[in-house]
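Notes follow the structure.
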Number of protein chains: 2
Amino acid sequence: MHELFAENQAFRANGRLWIEGPADRFLGIGRLELLERIQATGSISKAAKEMGMSYKKAWDLVSSMNAQARQPLVGAHAGGAHGGGATLTEAGAAAVAEFQAMQARFAQFLADETTRLYQ
Amino acid sequence: MHELFAENQAFRANGRLWIEGPADRFLGIGRLELLERIQATGSISKAAKEMGMSYKKAWDLVSSMNAQARQPLVGAHAGGAHGGGATLTEAGAAAVAEFQAMQARFAQFLADETTRLYQ
DNA sequence: GAGCGTTATGTTTCGGCGAATATAACGCTG
DNA sequence: CAGCGTTATATTCGCCGAAACATAACGCTC
């Protein structure tokens, strides 16, 4: 394949990976990062702000994930001590861990394919 | 992970794969199909029509690929016997073959990951 | 009970990308 | 030399998905 490319060896394999259900996307790289930041901040709105995403969009994503999973991945409540908050459920933490592992295997796949481009 | 999903086992790993250069995407599943159809029909406009794509978009894609490759992947000429036409160059045929192989490995990766979701 | 920051949800606005349209040139055929 | 189907390229139009905006409710604190 390297024979095909213009001089500099800056070509590489890249891609996107996700898990999808019958109706909708379930988990992808963006949703993963959102879950990670909800875990870190204890808040959907803080997580959204960190990612430069509107609260509404973040909430829609959380809603989609919770609707598709057998158990909700995120637990949230309005009002109270600091206005409310959100936390990852046990199921949410498990989903994060498993999709991180899947992402890691995908990164290795992409690295292998990039290597193969030049061998 | 299966513990997480709602009843029916309709969840699966899915994704997109492509080769990118320093400035732009070089080859993806859409560009691959376009090249295959150019090879089959001998025409950019026929290939575009088969894919429900405007000629302009198809031509832009061909132009992008030709610009990034050391040798053009598609040779085209206007006028003549049947108005003109386009064919895959030797480099184009090689690119198609190699990216098809990469796609096949990716399909296997996705199948493995989908299996893993339920094991 | 007023204030705060959050969750929760609907409505409106906007920008970018693809689609559609337009035009020219090419070179064989009849 | 008129006609055809194609390549080649610029410009305009339209739509849809994302972003922005708006509003309500919640429950703790002071």
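Since we're looking at a predicted model, the values are computed, not measured. Convention: sequence-line order gives letters A, B, ...; per-chain numbering from 1.
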Item to check | Criterion salt bridge (charged side-chain N to carboxylate O under 4.0 Å, His left out) on A:Arg116 and A:Asp112, from CA distance to verdict | outcome: CA-CA 6 Å; A:Arg116 199 189 274 261; A:Asp112 290 347; over 6 Å; no
Heavy atoms only, 4.0 Å cut-off, all strands: where does [X] land among base, sugar-phosphate and nothing?
X       : result
A:Lys57 : sugar-phosphate
A:Ser43 : sugar-phosphate
A:Lys56 : base

Checklist entry - Is there a side-chain contact between A:Arg25 and A:Gln68 (heavy atoms, below 4.5 Å)? => result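 No, side chains not in contact.
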Rounding to a whole Å, what distance do you find between [X]:[atom1] and [N]:[atom2]?
X       : N      : atom1 : atom2 : answer
A:Tyr55 : D:dA24 : OH    : P     : 17 Å
A:His82 : D:dG27 : NE2   : C1'   : 13 Å
A:Asp60 : D:dA20 : CG    : P     : 15 Å
B:Trp59 : D:dA10 : CH2   : C1'   : 11 Å
A:Lys49 : D:dA19 : NZ    : C1'   : 16 Å

Next on the checklist: Counting only heavy atoms not in B:Arg105 (residues, nucleotides, ligands), do more than 12 fall under 6.0 Å from its CZ?
Outcome noted: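 Atom CZ in B:Arg105 is crowded, with more than 12 foreign heavy atoms closer than 6.0 Å.
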Next on the checklist: Show every salt bridge (charged side-chain N to carboxylate O under 4.0 Å, His left out) that has at least one partner inside residues 45-55 of chain A, sequence neighbours left out.
Outcome noted: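 Sorted pair list: A:Arg37-A:Glu50.
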Checklist entry - Relative to the 5' end of DNA chain D, which residue comes earlier, B:Gly42 or A:Gly79, by the nucleotide with the nearest heavy atom? => result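 First, find each residue's nearest nucleotide; the 5'-ward one identifies B:Gly42.
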Next on the checklist: Which is more 5' along DNA chain D, the nucleotide nearest A:Ser54 or the one nearest A:Gly80? Just name the residue.
Outcome noted: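 Closest to the 5' end, via its nearest nucleotide, is A:Ser54.
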Next on the checklist: With heavy atoms of chain A within less than 4.0 Å as the criterion, where does contact along DNA chain C begin and end?
Outcome noted: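 Here the contact window of chain A covers C:dG5 to C:dT11.
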Item to check | Same cluster (ILVMFWY, side-chain, under 4.5 Å), A:Phe11 and B:Leu27 | outcome: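 Yes, it is one cluster - the side chains of A:Phe11 and B:Leu27 are joined through contacts under 4.5 Å.
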Checklist entry - Can you hop from B:Trp18 to B:Phe109 via hydrophobic side chains spaced under 4.5 Å? => result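 Per the 4.5 Å side-chain linkage, B:Trp18 and B:Phe109 are not co-clustered.
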